[in-house]
Amino acid sequence: MYDIQKIREDFPILQREVYGKPLIYLDNGATTQKPRCVVDAITEEYYSVNANVHRGVHFLSQQATELHEASRETVRKFLNAKSSNEIIFTRGTTESINLLVTSFGEEFMSEGDEVIVSVMEHHSNIVPWQMLAARKGISIKVIPMNDKGELLQDEYAKLFSDRTKIVAVTHVSNVLGTVNPVKEMIAVAHAHGVPVMVDGAQSVPHMKVDVRDLDADFYAFSGHKIYGPTGVGVLYGKEEWLDKLPPYQGGGEMIQTVSFEKTVFNELPFKFEAGTPDYIGTTALARALDYVSAIEMDHINAHERELTVYAMQQLKRIPDMRIFGEAENKDAVISFLVGNIHHLDMGTLLDRLGIAVRTGHHCAQPLMQRLGIEGTVRASFALYNTKEEVDALVAGIERVRKMF
Ligand code: PMP
């Protein structure tokens with residue numbers, strides 16, 4: 001049974017008030033709140049284990065290294081990767097994508113080559129490609145979508161050419177909530193001999209992701225969006241690909257030997273992890289993954305889907321409501337505008353009622369251009385949100401609407 005009250009008790013922040021009102025936190029797409037066990041993992045390790053990993057013979061260093069590498073194994077299991085060599089720790093999705101773009105672009109792309117992205121990408125899966133385009137003269141092809149917010153698969157298939165080197169697509173849109181059929185899209189790309197990088201920032205927290213079932217070549221996500229700490233993320237890559245890619249950053253950890261004449265790089269996964277990693281953060285991330293695994297991703301998904309369907313029904317009853325993103329397969333994100341009320345005004349007034357939502361372009365300005373708007377109000381759900389909170393959101397919007 002999904003015991004929502006018990007789950008909520010695990011998150012101390014949910015007990016607090018803002019402006020004298022109980023906090024209703026609906027900005028989970030930006031970041032999630034942390035269960036006590038995750039914060040405890042951080043303090044426990046700082047208080048009793050802390051030492052730099054990989055380099056020490058002493059007891060604490062070895063213990064910290066064991067924790068860090070056990071966390072890598074936890075991530076491997078969570079994604080069902082084949083080997084923990086395929087799990088690269090990064091600062092988050094953004095760094096994971098920058099790593100991939102830089103290393104893959106360096107090794108496999110030259111002037112005139114093409115990357116396929118979608119119109120609903122977050123800036124972090126657009127700008128690094130544009131920077132590569134400026135350096136190397138590659139070009140960026142864009143998969144369009146229909147008005148429901150679904151990528152046009154026929155158009156996608158037509159974008160491939162003999163210059164296509166990689167596809168980089170989000171699994172779930174952080175604005176529309178659309179769950180893209182990445183498994184099928186990967187199969188199409190593979191039929192052309194093209195690898196695929198999936199941005200999993202908005203999928204990993206909400207559904208079971210099996211990188212081997214998807215056959216993804218690369219998969220990126222952020223710890224802080226799945227109840228883990230800030231500053232830690234993951235790039236999964238198939239070992240056969242990662243072996244072929246050059247390092248992203250140079251420094252300690254990523255080398256085997258260094259002389260002024262020649263440096264030999266370390267093996268996977270360390271080749272991509274220059275410098276002291278956030279080993280406390282990786283422990284806490286593993287604790288977060290254990291936490292959601294204990295509840296079970298399928299149960300979390302069912303709860304959030306139910307909440308999303310309910311919220312869509314309730315929101316649509318509000319006069320002048322415009323919802324952006326009505327894909328058949330939609331996850332825990334709802335973007336909307338009401339009449340002529342500016343998204344910022346709506347967000348600010350909801351905040352005064354204790355309701356935290358996000359407003360603006362959500363780092364997806366090309367998508368805003370496609371929708372012909374400047375921004376939206378976005379409510380995004382997590383495992384601890386309730387129908388009562390959705391009701392409060394709906395009542396809050398009604399109140400703001402009547403004020404205008
Ligand atoms: N991609 C998507 C789809 C996102 O929603 C986000 C975060 N809003 C990112 C990438 C970037 O994640 P981070 O800021 O954690 O690197």
Side-chain angles (χ1 to χ4, degrees), residues 25-34 38 75 88-102 115 117-131 142-143 145 149 151 167-180 182 185 196-207 209 216 218-236 248 278 281-282 284-285 288-289 304 324-325 327 329-335 347 356-368 370-371 375-382:
Y25 187 77
L26 302 177
D27 192 19
N28 297 286
T31 200
T32 51
Q33 301 303 344
K34 316 305 168 197
V38 167
V75 176
I88 312 296
F89 285 123
T90 64
R91 282 194 301 119
T93 308
T94 302
E95 190 177 51
S96 297
I97 297 175
N98 275 276
L99 186 167
L100 188 268
V101 175
T102 306
V115 54
V117 302
S118 87
V119 67
M120 62 178 74
E121 297 310 312
H122 188 277
H123 293 165
S124 61
N125 194 27
I126 299 174
V127 181
W129 295 109
Q130 289 176 328
M131 290 163 66
V142 182
I143 313 165
M145 67 176 200
L151 294 180
V167 173
V169 69
T170 194
H171 198 161
V172 174
S173 161
N174 66 315
V175 177
L176 308 166
T178 308
V179 183
N180 290 316
V182 289
M185 294 175 78
V196 180
M197 191 285 297
V198 181
D199 173 350
Q202 299 291 343
S203 47
V204 167
H206 302 289
M207 61 189 69
V209 169
F218 304 98
Y219 201 99
F221 75 93
S222 297
H224 70 97
K225 292 185 198 278
I226 182 163
Y227 316 104
T230 51
V232 175
V234 169
L235 177 67
Y236 158 81
Y248 171 50
D278 185 355
T282 55
L285 171 60
L289 299 184
E304 293 175 347
F324 301 91
N329 194 357
K330 181 179 167 82
D331 216 82
V333 180
I334 303 180
S335 269
V357 291
R358 186 140 294 241
T359 62
H361 54 63
H362 315 296
C363 297
Q365 283 182 327
L367 176 59
M368 295 298 129
R370 163 64 178 82
L371 296 168
T376 71
V377 185
R378 182 186 74 181
S380 49
F381 306 121

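All of these numbers come straight from a predicted model, not from anything done at the bench. Remember, it's 1-based here, ligands and their atoms both numbered in the order they're listed.
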Distance in Å, Cys363 SG paired with Asn125 CG, rounded so as to fall on 0.5 Å steps: 12.5 Å

Of all pairs that satisfy side chain to side chain donor-acceptor pair (under 3.5 Å), the ones with a partner from residues 221-233, not counting sequence neighbours: Thr31-His224, Thr93-Ser222

More than 12 heavy atoms of other groups within 6.0 Å of Arg91 CZ: no

Those protein residues which place at least one heavy atom below 4.0 Å from ligand 1: Thr93, Thr94, His122, Ser124, Thr170, Asn174, Asp199, Ala201, Gln202, Ser222, His224, Lys225

N/O donor-acceptor pair under 3.5 Å between Ser96 side chain and Val234 backbone: yes

Residues which pass side chain to side chain contact (heavy atoms under 4.5 Å, CB included) with His361, listed by chain and number, not counting sequence neighbours: His123, Gln365, Met368

With sequence neighbours excluded, residues passing ring-ring contact (aromatic ring centres under 6.0 Å, His included) with Phe324: none

